[in-house]
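Below is one structure, written out as structure tokens, with a few remarks after it.
Note that the structure is predicted; figures quoted are calculated from it, not measured.
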Amino acid sequence: GGYLGVIKKIIKKAWREGYIREDFTGKVACIKKTDIHRRFCTFEEVEALSRARCDHEMVKHAFLFSCFSGLRLSDIELLTWDTISLVNGAPFIQFQQKKTRQFENCPLPEQAVKILTEVKRIHPRYAPDGSNKVFILPDRSSIGIMLKIWGGRAGLSWSLHFHASRHTMATLMLTAGSDIYTVSKQLGHRDIATTQKYSRLIDTKRVAEVQRLPVLSAQPQPVETVPLMIEAKHEEKMQQEPVLASQAGSIAEALQVKGEKIASALSLQRNGEGKYLFNGKEYSAVELALQV
């Protein structure tokens, strides 16, 4: 997509200056950008890398420094000691980005300063004749090979590459609670939309945030009840009594006891069929309890 854009610009320029008769770039569709899977290291993986052996110590320190500063490899390759200074007591890097040509004031965290201290210690080994460059690095092809081997020793399941350090810086800051504007300034992005892409990578932070949502209280379970049907007809009551006893169980027993107490209180006597005569009608003990 980038290459095609450059070609189109050249053709347009040639048409404007009269070298070609037609600007035919409008007939060629642009190649749309597609989202990519941005690899980054978690803090635990950065710690594993710091403990693992790398075949080139300067490459190791350069990668870790980028994890805590956000500098691109192109800027790290050009970084000199005189760009590092104290501003109001805080360490800063003041430099011009190679990619965007923007001038940046990049504050450094404590860990980045510790890495620079270690680089200063081993610097004579890599630059015996002296050099103003902070990091003395091999060619990029060699750097790529060394990073893959080093990442494997640290237990990474993916192929480590240098730009992952810049992604790592962004995710570490966002995970720590930094706002998107601060992260954008630290990375030197001209468009904050570029930085917003990193916010989608922070699954741990997103999981923590959704877990803050409230939980509904437990609802009581409905209690099923057996309806009692009281019919007016005496014959149907006679048929329902055994059904009531089988379905309601303890309810029928309670009615039986209550009916007998009512009969005793009213001095009612049982007839030959075991029924009580009340107001000119015959009732069982259960029916008497329901009637009264």
Side-chain angles (χ1 to χ4, degrees), residues 36-81 83-84 91 93 95 97-99 106-176 178 183 186-189 195 197-198 200-205:
I36 61 171
H37 181 47
R38 290 173 172 82
R39 291 288 190 179
F40 67 95
C41 300
T42 63
F43 184 72
E44 291 72 21
E45 289 173 332
V46 175
E47 283 194 314
L49 286 168
S50 69
R51 291 191 296 265
R53 181 179 63 84
C54 181
D55 294 334
H56 197 291
E57 278 193 84
M58 196 66 81
V59 170
K60 176 178 181 177
H61 290 309
F63 182 89
L64 294 176
F65 181 78
S66 180
C67 288
F68 291 96
S69 66
L71 267 64
R72 298 181 180 88
L73 176 57
S74 58
D75 294 323
I76 284 184
E77 289 172 328
L78 299 175
L79 193 63
T80 57
W81 291 108
T83 61
I84 304 170
I93 297 177
F95 69 104
Q97 288 192 75
K98 182 177 180 180
K99 180 178 180 179
C106 178
L108 296 178
E110 180 182 354
Q111 183 58 55
V113 175
K114 289 183 177 180
I115 294 171
L116 289 177
T117 302
E118 182 61 22
V119 170
K120 194 80 171 178
R121 184 185 67 81
I122 66 173
H123 200 271
R125 190 192 314 166
Y126 292 91
D129 298 330
S131 174
N132 194 33
K133 284 188 176 182
V134 176
F135 296 97
I136 312 300
L137 300 172
D139 62 88
R140 292 197 176 189
S141 177
S142 300
I143 291 176
I145 295 172
M146 292 173 183
L147 289 178
K148 290 179 182 179
I149 297 173
W150 179 36
R153 289 172 181 163
L156 298 186
S157 60
W158 47 279
S159 182
L160 186 66
H161 55 88
F162 202 94
H163 206 66
S165 61
R166 187 166 162 85
H167 299 329
T168 299
M169 173 62 172
T171 54
L172 288 178
M173 289 188 68
L174 289 171
T175 304
S178 300
V183 177
Q186 181 68 19
L187 297 179
H189 288 160
T195 317
K197 296 176 182 178
Y198 291 105
R200 300 201 302 268
L201 303 177
I202 317 301
D203 287 332
T204 54
K205 186 175 179 64

- Task: Quick one: pull up CZ in R140 and NE2 in H161 and give me the separation to the nearest 0.5 Å.
- Result: 13.5 Å
- Heavy-atom side-chain proximity of R166 to R72 below 4.5 angstrom: yes
- L116 side, atom CG; F65 side, atom CZ - distance, nearest 0.5 Å: 4.5 Å
- Item | Sequence-distant partners of R153, side chain to side chain contact (heavy atoms under 4.5 Å, CB included), two or more places apart | A52, R53, D55, I149
- One should read off an interatomic distance between L137 CG and H61 NE2, to the nearest 0.5 angstrom, of 11.5 Å
- Closest approach of L71 and I76, non-hydrogen atoms and distance? CB-CG1, 3.8 Å
- Within-4.5 Å side-chain heavy-atom neighbours: E45 and W158: yes
- Taking C-beta and beyond as the side chain, do I93 and D75 meet within less than 4.5 Å on heavy atoms? no
- Query: What is the distance from atom SG of C67 to atom CZ of F40, rounded to the nearest 0.5 Å?
  - Reply: 12.0 Å
- Message: Show the nearest heavy-atom pair for residues L49 and G151, with the distance to one decimal.
- Response: CD2-CA, 4.0 Å
- Lys/Arg N to Asp/Glu carboxylate O, E118 vs R121, below 4.0 Å: yes
- Scanning both residues in full, the closest heavy-atom pair of Y126 with H56 reads CE2-CE1, 3.3 Å
- Identified side chain to side chain contact (heavy atoms under 4.5 Å, CB included) counterpart of F135 within the set L78, V59, L79, L73: L79
- Message: Taking side chain to side chain contact (heavy atoms under 4.5 Å, CB included) as the definition, give me every residue that meets it alongside N132, ordered by chain and number, with sequence neighbours left out.
- Response: T80, W81, D82
- Query: Is the side chain of T168 donor-acceptor paired with the backbone N or O of C41 at a distance under 3.5 Å, no angle test?
  - Reply: yes
- List the atom of K148, the atom of L160, and the distance in Å for their closest heavy-atom pair. CG-O, 3.8 Å
- Output for pair (I136 CD1, E77 CD), nearest 0.5 Å, gives 11.0 Å
- I would like to know whether F68 and V46 meet side-chain contact (heavy atoms from CB on, under 4.5 Å); could you show each step before the answer? CA-CA 10 Å; F68 291 96; V46 175; 4.0 Å; yes
- Query: Are the side chains of S131 and H123 in touch, meaning some heavy atoms are under 4.5 Å apart?
  - Reply: yes
- Query: If you look at every heavy atom in S66 and S165, which pair is closest and at what distance?
  - Reply: OG-OG, 2.7 Å
- Message: Is any side-chain heavy atom of I84 closer than 4.5 Å to one of P91?
- Response: no
- Message: Testing the basics here: between F162 and A62, what is the closest heavy-atom pair and its distance to 0.1 Å?
- Response: CZ-O, 3.7 Å
